[in-house]
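Shown next, in structure tokens, is the structure this report addresses.
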Amino acid sequence: MKQDLLIYNTLSRQKELFKPVHEGHVGMYVCGPTVYGDGHLGHARPAITFDVVFRYLQHLGYKVRYVRNITDVGHLEHDADDGEDKIAKKARLEQLEPMEVAQYYTNRYHAAMDALGVLRPSIEPHASGHIIEQIELVKEILDKGLAYESNGSVYFDVNKYQEQTKQYGRLSGRVLEEMLSTTRELDGQEEKHNTADFALWKKAAPEHIMRWPSPWSNGFPGWHTECTAMGSKYLGDYFDIHGGGMDLIFPHHESEIAQKTAVCGHGPCKYWMHNNMITINGQKMGKSLGNFITLDEFFTGSHKDKDGNEMLAQPYSPMTIRFFILQAHYRGTVDFSNEALIAAEKGFARLTQAYHLFKNLQASKESSIDISGYRQKCYDAMNDDFNTPILIAHLFDLAKVINQVNDHHATLTQADIDEVKSIFDTFLFEILGMRDEATSDNSALIDGLMQMILDIRATAKTNKDWATSDKIRDSLGALGVVVKDGKDGATYELK
RNA sequence: GGUCACUUGGCCGAGCGGCUAGGCACAGGUCUGCAAAACCUGCUACUCCGGUUCGAAUCCGGAAGCGACCUCCA
């Protein structure tokens, strides 16, 4: 089935019809985590957003190479003049090897992403493993005359680049002249010819332990070189989609475009996609503000803010977090609140409970509801710049249909039942990547046991032995099994 | 200070000029031994002020509020 997919391109600030650079193939690069701390809710957003993009493109039949990097070097500490690597600083504090710290947090990141149902990318390159490629990139930019060496560091010459290309600021909508007049005074700027210039290579201070030899100094690569170098290496000089959080548009992605354009004469990709932020009390959740809640804290339900107040009313399962994020469009902000999370949890439970009804849904000769348009409506939602909230609304409509059939308020033919189930399988599980948390390896056994127990309870009810029937229900309830009496007997749900 | 977004019912959240999503919460009802679930019904909103239009939450102008970026950040 051919689907016309529209993607909002930050570069043009409008939705564009997606046409891959190479027919049938898609190259996608997404900025991954800096592994020097636990992932928080903000990290879940791009991971889940682009996971859905990845899944949907594959569903449409594209062969997708998805690259998401691990940043384990290069980003400077807050006091940028120290020239001290974030990883190195944390490592010294904890008396660990820098790479040990990076590995530790990489493992924890992977565990959290697995729990959230985020598929592993095709390639997950580490910045530290691509120092040579980054040095080569710096050399090329120097050869083009668009960078200069200064005291062992190398800086990108933004002014000169701008004279030649007029491209700087195109992605972020910035005007260079204005920036030059409004940029704040920063320490350690004396090496730069201009405040807008950015580092391609940084000379390491003596105490800096993460360092590599280069033609200019023992040091480390600049903030933006890894994505340019690794993107080119694995996806070529011009690939399809580059993604990341909106806060990376400037300076990170603007600089990436500058670096790539300096070398190739054009930017790295055709479509730039940016997810919006998650806010907490209306403010961006972020490291610098110290108002973030880690994913593990969500899963366990315990997080104290700086005043010692418990922020989480209860634990939230990974699927609740995922559903919460997917219920908003990726370009809008999402405000964290317990109320919204609980609503997401209940909403998703509604969908899974409806899904569980498929196995004992009775087919009829005729369908009283026309469900023929739903599959395409679901595609239409996804095709409109990955409008997952609309898709979910359609699934809720179908859940209602299922419940109506189950209550004999509506009828569906077997073919229509199969179609609805197929839509759920395709869109809820395959594309949105939701996982049915009630299913487990023991589900067949549990199912058998539960049928037996419910049988006994039905007998008790027939005998009007309410004491026994209530005892069974209460005991199961204590174990987290909800008994639901219906017209055609009882069913159960694992909580 | 500069640039760019956003402001929808009790809460979350779609919407891209007319038919006024969806979820959660709430209220009434059906079913039930009771409860829960499900189903039915109700609740009808677009920050403000102008303008364009037969018609605007939706387009244009202005105001207010809030946020992001300009500095590591998803």
Side-chain angles (χ1 to χ4, degrees), chain A residues 13 15 30-34 36-37 39-50 71 74-80 86 169 172-175 178-179 181-184 186 196 223 243-252 254 274-279 282-289 292 323-324 327-329 331-335 337-351 353-354 357 381 384 387-397 399-400 402-404 406-410 461 464-466 469-470 473-474 477 482-487 490-493:
Chain A
R13 295 181 191 276
K15 291 177 193 170
V30 174
C31 293
T34 304
Y36 73 108
H40 58 75
L41 190 58
H43 291 98
R45 177 94 119 136
I48 290 170
T49 297
F50 292 102
T71 297
H75 285 242
L76 301 175
E77 264 291 355
H78 194 88
D79 298 320
K86 277 178 179 173
S172 56
R174 257 157 244 274
V175 180
E178 285 176 359
M179 282 176 53
S181 58
T182 58
T183 304
R184 293 178 216 173
L186 289 170
W223 311 347
M246 271 185 185
D247 48 355
L248 295 179
I249 293 175
F250 192 89
H252 185 54
E254 194 70 64
H274 293 96
N275 62 273
N276 214 318
M277 303 291 105
I278 287 180
T279 60
Q283 249 196 341
K284 174 180 160 183
M285 185 180 285
K287 275 197 269 282
S288 52
L289 292 166
F292 62 90
F323 196 72
F324 170 68
Q327 263 194 303
H329 188 261
R331 283 191 286 112
T333 54
V334 173
D335 194 49
S337 72
N338 281 289
E339 212 176 353
L341 245 354
I342 289 168
E345 182 181 73
K346 289 185 180 174
F348 179 52
R350 185 174 162 83
L351 291 181
Q353 284 169 27
L357 293 175
D384 186 14
N387 199 326
T388 54
I390 293 288
L391 169 58
I392 288 170
H394 294 326
L395 294 176
F396 276 117
D397 287 346
K400 185 167 198 154
I402 296 164
N403 286 327
Q404 284 173 333
N406 189 54
D407 281 11
H408 309 301
H409 290 149
K461 285 181 70 172
K464 296 201 189 300
D465 180 4
W466 310 127
S469 75
D470 285 357
R473 186 176 64 196
D474 294 345
V482 182
V483 175
K484 302 194 284 193
D485 287 320
K487 280 198 182 106
T491 56
Y492 70 97
E493 196 77 43

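Because the structure is predicted, anything quoted here is derived from the model rather than measured. Every chain is numbered from 1, with letters handed out A, B, ... down the list of sequences.
The listed nucleotides are rA38(B), rC40(B), rG23(B); the one nearest the side chain of D407(A) is rA38(B). Candidate nucleotides rC73(B), rC70(B), rA21(B) were compared by shortest atom distance to the side chain of F250(A), and rC70(B) ranks first. Distance from the side chain of Q283(A) is smallest for rA68(B) among the nucleotides rC39(B), rA68(B), rC70(B).
I278(A) comes within 4.0 angstrom of a nucleotide base, judged by non-hydrogen atoms across all strands. Across all strands shown, M277(A) has heavy atoms under 4.0 Å from base atoms, whether or not it also approaches the sugar-phosphate. Contact annotation for G347(A): backbone-only contact, meaning every heavy-atom pair under 4.0 Å involves sugar-phosphate atoms and none involves a base. Heavy atoms of K284(A) sit under 4.0 angstrom from at least one base atom.
Considering only residues two or more places apart in sequence or on other chains, H40(A) meets the ring pair (Phe, Tyr, Trp, His ring centres under 6.0 Å) condition with H43(A), F292(A).
Of the charged side-chain nitrogens involved, at least one lies within less than 4.0 Å of a carboxylate oxygen, so that R473(A) and D470(A) count as a salt-bridged pair.
Base pairing of rG22(B): its partner is rC12(B), meeting the Watson-Crick or G-U wobble criterion (both donor-acceptor distances under 3.5 Å). With both pairing distances under 3.5 Å, rG65(B) is matched to rC6(B) as a Watson-Crick or G-U wobble pair. Under the Watson-Crick or G-U wobble criterion, with both distances below 3.5 Å, rA37(B) is left unpaired in every strand shown. Nucleotide rC59(B) forms a Watson-Crick or G-U wobble pair with rG51(B), both donor-acceptor distances falling under 3.5 Å.
Atoms NE2 and CD1, from H329(A) and I390(A) in turn, are 9.5 Å apart once rounded to the nearest 0.5 Å.
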Report, one pair per line, the protein and nucleotides 12-16 of chain B atoms (nitrogen or oxygen only) whose separation is under 3.5 Å.
| unit_1 | atom_1 | unit_2 | atom_2 | d |
| --- | --- | --- | --- | --- |
| rA14(B) | OP1 | H329(A) | N | 2.6 |
| rA14(B) | O3' | N387(A) | ND2 | 3.3 |
| rG15(B) | OP1 | N387(A) | ND2 | 2.6 |

All N/O pairs under 3.5 Å across the protein-nucleotides 30-34 of chain B interface:
| unit_1 | atom_1 | unit_2 | atom_2 | d |
| --- | --- | --- | --- | --- |
| rG33(B) | O6 | S469(A) | OG | 3.3 |
| rG33(B) | N1 | D470(A) | OD1 | 3.0 |
| rG33(B) | N2 | D470(A) | OD2 | 3.0 |
| rC34(B) | O2 | R473(A) | NH2 | 3.1 |
| rC34(B) | N3 | R473(A) | NH1 | 2.9 |
| rC34(B) | N3 | R473(A) | NH2 | 3.4 |
| rC34(B) | N4 | R473(A) | NH1 | 3.4 |
| rC34(B) | N4 | D485(A) | OD2 | 3.3 |

